J.: 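Supplied in structure tokens, the structure appears directly below.
In this text the structure is predicted, and so the values were computed from the model without any measurement. We count ligands from 1, going down the list as the structure has it; atoms in each ligand are counted the same way.
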Amino acid sequence: MQAADGKRYLDFYNNVPCLGHCHPSVVQAVSRQIGTLNVHTRYLVSAVDDYLDSLKATLPESITNIVMTCSGSEANDLAMRLAKQATGGEGFIVTEDAYHGNTSLVTEVSPSIIKQGKLPAHVVAIPPPSSAVYGEDIATGFAAKVTEAIELLWERGFSVAALLVDTIFSSDGIYTEPRGFLKKAVDVVHNAGGVFIADEVQPGFARLGEAFWGFDFHGVTPDIVTMGKPMGNGFPMAAVATRSEYLASFCSDVGYFNTFGGNPVAAAAGQAVLDTIQQENLQTNALVMGHYLKTRLQSIASQSAYVAEVRGQGLFMGIDIGKADNKQIPDPLKTKQVINGLKAAGVLIGAAGRFGATLKLRPLLTLTQSEADFFLDAFVQQV
Ligand SMILES: Cc1ncc(COP(=O)(O)O)c(C=O)c1O
């Protein structure tokens, strides 16, 4: 990337243009489609049908229907409405620093952006799946918190509609280990009559290397999947994917129409993203380069006064930055200094987590070893 002053930056901040900024396959697909036909979704267009078939091929067999939207917020809003309809419940369980979007309904389940006041009574937030909270057995501890949340909802007069999590817990600070820890929590919510909504807006589309989706990484099958951000490599598009019976039941009560969701240009962009991930082996690249980055970062952590922990999977990682005299204490100020130092060195990166002291690494899926080394050389100077 090049700024207006000509300075070049390596983008480690951004999982939206997952294939790289202005990737020619997306540019050409979008240009071709907008030069052919672009209409709203009252029309049947084969480009859209073909894209949905390609997208469905990446999803579990039980997830047979897809509704396209324009943003992840719209997708989560519809997912919540589907969950309520499917279960008859009203209660939602999320993590304490979750972000799921900006509609009125979704803001209520996004504790990280609520600045004043409490969550509404039908929403319970539980601590993120970190070893600092749950110790060694994160799966059991996290599932126990889901049980407690269900009981609390009952006390407040609500039955559970859904456990809704970003499957990489990005705004909570990025938690992926131990692989599979989500399963017990999902079982708990199912046994209580709720559904599991996997918010894949952040981890989806091959970024985790080992798996195309975050829920796949954990070996769980969601009832509802939401997706967005990297789906169109920057073209605004998102979707909800779910079981046919949930949509049938929902649509028997209320209609859903989204003028621009699933327009043919979005489908063209989405198809180009799926094709390019496959043709350029980007899931494998995420796995290989993610492993390389993590190994090097762990070695930096072992020698650094500031780097407390490196977490994550594939090309989605979190680095906890702590105080010089005790790196286990989060240091948001130092984190800001590291971000600014990296920017001066030509690397863009952001922060996440409760304290804003976890560097959030989301480089492009095309990351090369020399780009990774450029970042590592710049990073080591800061810590
Ligand atoms: C996990 C997660 N879900 C949903 C959203 C909302 O997506 P959008 O900004 O496209 O509405 C975001 C946005 O950052 C997100 O991080």
Side-chain angles (χ1 to χ4, degrees), residues 11-18 66-83 92-114 123 125-126 128-129 162-176 182 196-208 212-218 222 224-242 258-263 266 269-270 273 312-318 348-354 356 358-362:
D11 193 351
F12 255 61
Y13 181 87
N14 209 338
N15 60 342
V16 174
C18 57
I66 299 175
V67 180
M68 291 186 68
T69 63
C70 305
S71 72
S73 301
E74 282 181 327
N76 278 326
D77 192 286
L78 179 58
M80 290 176 69
R81 294 171 68 195
L82 287 168
F92 286 89
I93 303 166
V94 294
T95 47
E96 280 174 353
D97 289 294
Y99 179 70
H100 295 290
N102 59 20
T103 70
S104 172
L105 196 63
V106 179
T107 298
E108 291 181 341
V109 293
S110 297
S112 71
I113 45 161
I114 298 177
V123 181
I126 62 174
L163 169 67
L164 163 61
V165 298
D166 162 359
T167 57
I168 190 137
F169 301 88
S170 54
S171 54
D172 282 290
I174 298 133
Y175 296 98
T176 51
L182 266 179
F196 171 51
I197 305 174
D199 180 339
E200 295 288 335
V201 167
Q202 290 277 356
F205 293 93
R207 177 159 291 276
L208 304 192
F212 195 85
W213 302 106
F215 62 79
D216 254 348
F217 176 72
H218 283 287
I224 304 174
V225 182
T226 57
M227 59 191 86
K229 286 194 194 287
M231 195 173 180
N233 203 53
F235 193 90
M237 60 188 297
V240 186
T242 189
N258 192 320
T259 302
F260 296 118
N263 68 76
V273 168
Q313 175 61 38
L315 290 177
F316 209 137
M317 265 173 252
L348 300 180
I349 199 166
R354 163 66 48 97
T358 303
L359 290 175
K360 187 162 60 169
L361 274 64
R362 294 174 302 184

J.: Please say which of Ile93, Val109, Val123, Thr95 ends up in a side chain to side chain contact (heavy atoms under 4.5 Å, CB included) with Leu164.
T.: Val109
J.: Side chains of Glu74 and Thr103: any donor to acceptor distance under 3.5 Å?
T.: no
J.: Could you pull out the N/O contacts under 3.5 angstrom between ligand 1 and the surrounding protein atoms?
T.:
unit_1: ligand 1; atom_1: 3 (N); unit_2: Asp199; atom_2: OD1; d: 3.4
unit_1: ligand 1; atom_1: 3 (N); unit_2: Asp199; atom_2: OD2; d: 2.7
unit_1: ligand 1; atom_1: 10 (O); unit_2: Gly72; atom_2: N; d: 2.9
unit_1: ligand 1; atom_1: 11 (O); unit_2: Gly72; atom_2: N; d: 3.4
unit_1: ligand 1; atom_1: 11 (O); unit_2: Ser73; atom_2: N; d: 2.8
unit_1: ligand 1; atom_1: 11 (O); unit_2: Ser73; atom_2: OG; d: 2.5
unit_1: ligand 1; atom_1: 14 (O); unit_2: Lys229; atom_2: NZ; d: 2.9
unit_1: ligand 1; atom_1: 16 (O); unit_2: Gln202; atom_2: NE2; d: 2.8

J.: Where the side chain of Asp97 meets the backbone of Ser112, is there a donor-acceptor pair that is under 3.5 Å apart?
T.: no
J.: Does NZ or CZ of Arg362 fall inside the cone over Tyr13's six-membered ring, less than 6.0 Å from its centre and within 45° of the axis?
T.: yes
J.: Quick check: does any side chain N or O of Glu200 sit under 3.5 Å from a backbone N or O of Val225, one acting as donor and the other as acceptor?
T.: no
J.: Is it the case that Asn102 and Ser73 place a side-chain donor and acceptor less than 3.5 Å from each other?
T.: yes
